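These notes concern the structure reproduced below.
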Amino acid sequence: MQIVTANRLIDGRVVFRDADGRWVESFAAAAVLDAAAATAALEAAGRDVAVRLIVEPYAVDVISEDGRLAPKAMREKIRVSGPTSGSEAAAHAALSRAA
Amino acid sequence: MYVYDDFDHQFVRARVAQFRDQVARRLSGELTEEEFRPLRLQNGVYLQLHSYMLRVAIPYGTLSSRQLRKLAVIARKYDKGYGHFTTRQNIQFNWPALKDLPDILEELAEVEMHAIQTSGNCIRNVTADHFAGAAPDEIADPRPYAEILRQWSSLHPEFSHLPRKFKIAITGATTDRAAVRFHDVGFTMKKNDAGEIGFAVHAGGGLGRSPFVGFELRDFLPEADLLGYTEAILRVYNLYGRRDNKYKARIKILLHEVGRETIRDEVEAEFAQIRDTALKLPKADVARIAAQFAPPAFEALPEVSAIETAARAKDPAFDRWVAANVAPHKAAGYASVTLSLKPVGGVPGDATADEMEAIADLADAHAFGSLRISHRQNVVFPHVKRDDLPALFEGLVAAGLATANAGLVTDTITCPGLDFCALANARSIPIAQAISQRFADPVRQAEIGPLDVKISGCINACGHHHVGAIGILGVDRKGREFYQITLGGDAGVDARLSDSAGPGFWPDEVPGAVEIIVATYLALRTSRAETFLDAYARVGLAPFKAALASEEKAA
Ligand code: SF4
C-alpha cells in the first residue's frame, strides 16, 4: 500500500494526494493506493508539478500500525507528524530552561 | 563591527530585487523547478523535509543586538517563532514560505544581513574564533582578514562555480576554537621573527564521508599575500578538482589523490605568477578594515572583581556558571561569556524570538551590544565587565538562559538530523536531549569536566562527530535508526579524528553507552586535571571499547 506525497510550491508544506486528486495537509485524508494506482497518481502529480501546485512528489509505503495506517519509514513518519524533538514553538516555550 | 558601505548596500538590495523577480517568475510558471532550484540555493533557500529552509549568513559569527532583534522579528513574523544556530555560525529558519522569502531577505538587508553564499559550490561564509577580538591568547583580531576574504570571495566570477563548496576558517589565537584544521582552507595568525603578522595555512581538512586533518601548505604567509595565496589555492583546486564525482570533489580528496606536495608545488607556482598583482594587500587597506573592528573603549580595571568574587562565594549556581561559561579576556577586569543554547532537554542551537530579544537586551545592557555565534551553537557576549557578571547572570536566569554547561557533556554539538534534514539517516536532536537529561545534574557535569559530545544524523557530519571526544553518527540499519560511536576526536590544535568504538547502538541505548564511556574515564583518570582527551591520549581506545563491548553483549 502506498500514498503519494509532495511539498506545496508556494509555502513548502508537506501535502498528500487525496482520492479526488487534491493536495491536502492531512495524512488521514490521503488516498491509499495499490501499485498500479500509485503509478497513475504519480503521473497525475507530475501534471500538478507542471501547473505549479507542488514540487517533488513521490510515493510512500504505508503499513497498518496499531490498527491505523502509518508510513513505514521513520523519515516519512516525521514528515507526517512533524519534528519529534519538541522544536515547535509551543513545545519550546514549555521546556524548562532551568540551569 | 564591519559597516556596509554604499557598494555593499546596493549589492545586497540588487540581489533581493533579483530574487523577488525570480520567485515571482517561479510562481507564475515562467521558471520550472529545475531552473529555479539553483537560483533559490544561491540565496540560501533549501527544500527540507517539512518545508523550505532559509540559511542566513552571520559573517565570522559576529552579530549586533540590532541584527539579533531583526532575526527575532523574522522568526515571529514569517516562521514558527524560533531559529536554529548552526555549526557554521549561520542561522536557519525552518518554516518560511516561498512567497515570503523576498520580504524576509529585504528585512535582513535593512540590518546588513543576507543569505548569499550560504549554499552551492562557492566560497561559503568565512568562520572565525568566537572569542575573536577578546581572547587573551590572540595575536590580533582575525575578523578583519575574514572580512577581506569575504569581500574578495563575494560573487568572485572565477569561483562561483567551484567543483564543490569551499569553507574557510580563521583564528588569531593559539588555542584553536575555529577548527581551522578541518576546513578546506584554515588560517592561523602568527608572527614571524621580525614581529610581522602572517598566517600558517592549512588546506584539505574536512569532515563528512572522507574526513581529513588539514595539511600545512605554508608555515608563514605574509599578511600582504593573504588574497594572492588564497586565490592560487582556489585556482589550482578549480583546475584539478573533480567535477565528475561529488564525493570526490572537495579539495581534501584532491590533496589526497594527487599528493600533498604536488598540490603545494602547484599552488606555489600559481602564487608566484600572481603575488605582485592587484591582489597584494596594502597595509592601508588592512588598517582601514581593521579600524571597523576596533574594540570598545575598555575601562582600566583591576584584574580581579570584588563584586564577582563576593557573588561567587554567596551563590553556588552563579559560581558554577562562572566556572563553566565565563572565559578570560585580554582586557583586565573583563570576560567573554558563553550563553549556552543547550538547556537540559532542549533543542541544541535553537532560540525563540523572545529569547533572541532578551539576549539582545542583555547585550545592550552588559556587552556593548556585541554578540557572537559560536560554531558550537552557542551565543557569546565577547566583552563583559567582570563587575557586571552577577547582573548579567540574573538577567539570564530571568530569561531561562543561564544553563551552566559550556564545554561540558550536555553542551553537545548537534545537527538537525532526521527531524528536519532531507539528507538524514537518523535523528540527532532527541539523542542530544536524552543525553542532556541523563547528565542533567550540574554538579556531576562539573565533576566530569570538559567533554565534547558531537552528533550527526548522517555521514555528512554537520554535527562534527569525527572531532568529538565522543562522536555519535546516526545510520540506517535495515530501515531503523542506529548509532555508531567514535572516541578521541579533537577539533583543536592537536587535531585528531575519532576512532570507532564498535558496531553501535539502538537509539534508547545511546545514553547508557555514553554513561559507560564517562564511567570508564572517571575510573581511570589520574586526577580531575586529566581531561577526557588527556586520558584518551594516555590509554587509547582499548579500555573504552572493552567496556562498551561488554554492554553490547549484555544488551
Ligand atoms: S549531518 Fe546529515 S543529517 Fe545532519 S544536518 Fe548534515 S546532512 Fe543533515
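What you see is a predicted model, and the numbers here were worked out from it, not measured in a lab. Quick note on labels: first sequence line is chain A, next is B, and so on, each numbered from 1.
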With rounding to the nearest 0.5 angstrom, report the CD1 to CD distance, A/I54 to B/E33.
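Result: 10.5 Å between the selected atoms.
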Euclidean distance, B/L49 CG relative to A/I78 CD1, rounded to 0.5 Å:
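Between atom CD1 of A/I78 and atom CG of B/L49 there are 7.0 Å.
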Ignoring hydrogens, what is the shortest heavy-atom contact between B/A97 and A/D11? Give both atom names and the distance.
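Scanning both residues, the minimum pair turns out to be CB-CB, 3.5 Å.
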Which heavy atom in A/G82 sits nearest to a heavy atom in B/H50, and how many Å separate them?
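Nearest heavy atoms, A/G82 then B/H50: CA-CE1, 3.6 Å.
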Portion of [X] that has a non-hydrogen atom of chain B nearer than 4.5 angstrom:
{"X": "A/V55", "value": "side chain"}
{"X": "A/E76", "value": "neither"}
{"X": "A/R75", "value": "both"}

Taking side chain as everything from C-beta outward and backbone as N, CA, C, O, which of these in [X] sits under 4.5 Å from a heavy atom of chain A? Side chain, backbone, both or neither.
{"X": "B/A422", "result": "both"}
{"X": "B/P96", "result": "backbone"}
{"X": "B/R26", "result": "both"}
{"X": "B/R37", "result": "side chain"}
{"X": "B/S28", "result": "backbone"}
{"X": "B/Q48", "result": "backbone"}
{"X": "B/L47", "result": "side chain"}

Let's go through A/I10 and B/L98 carefully: what are the C-alpha distance in whole Å and the side-chain angles of both, what is the deciding distance for side chain to side chain contact (heavy atoms under 4.5 Å, CB included) to 0.1 Å, and is it a yes or a no?
CA-CA 5 Å; A/I10 194 161; B/L98 182 59; 5.6 Å; no
Please check if atom NZ in A/K77 has more than 12 non-hydrogen atoms from other residues, nucleotides or ligands closer than 6.0 Å.
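More than 12 within 6.0 Å, yes.
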Any donor and acceptor pair, going by atom type alone, linking the side chain of B/Y52 with main-chain N or O of A/R13 inside 3.5 Å?
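Looks like no, no N/O pair under 3.5 Å.
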Does any part of the side chain of B/E481, heavy atoms only, come nearer than 4.5 Å to the side chain of A/M74, both counted from C-beta?
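Answer yes - side chains close enough.
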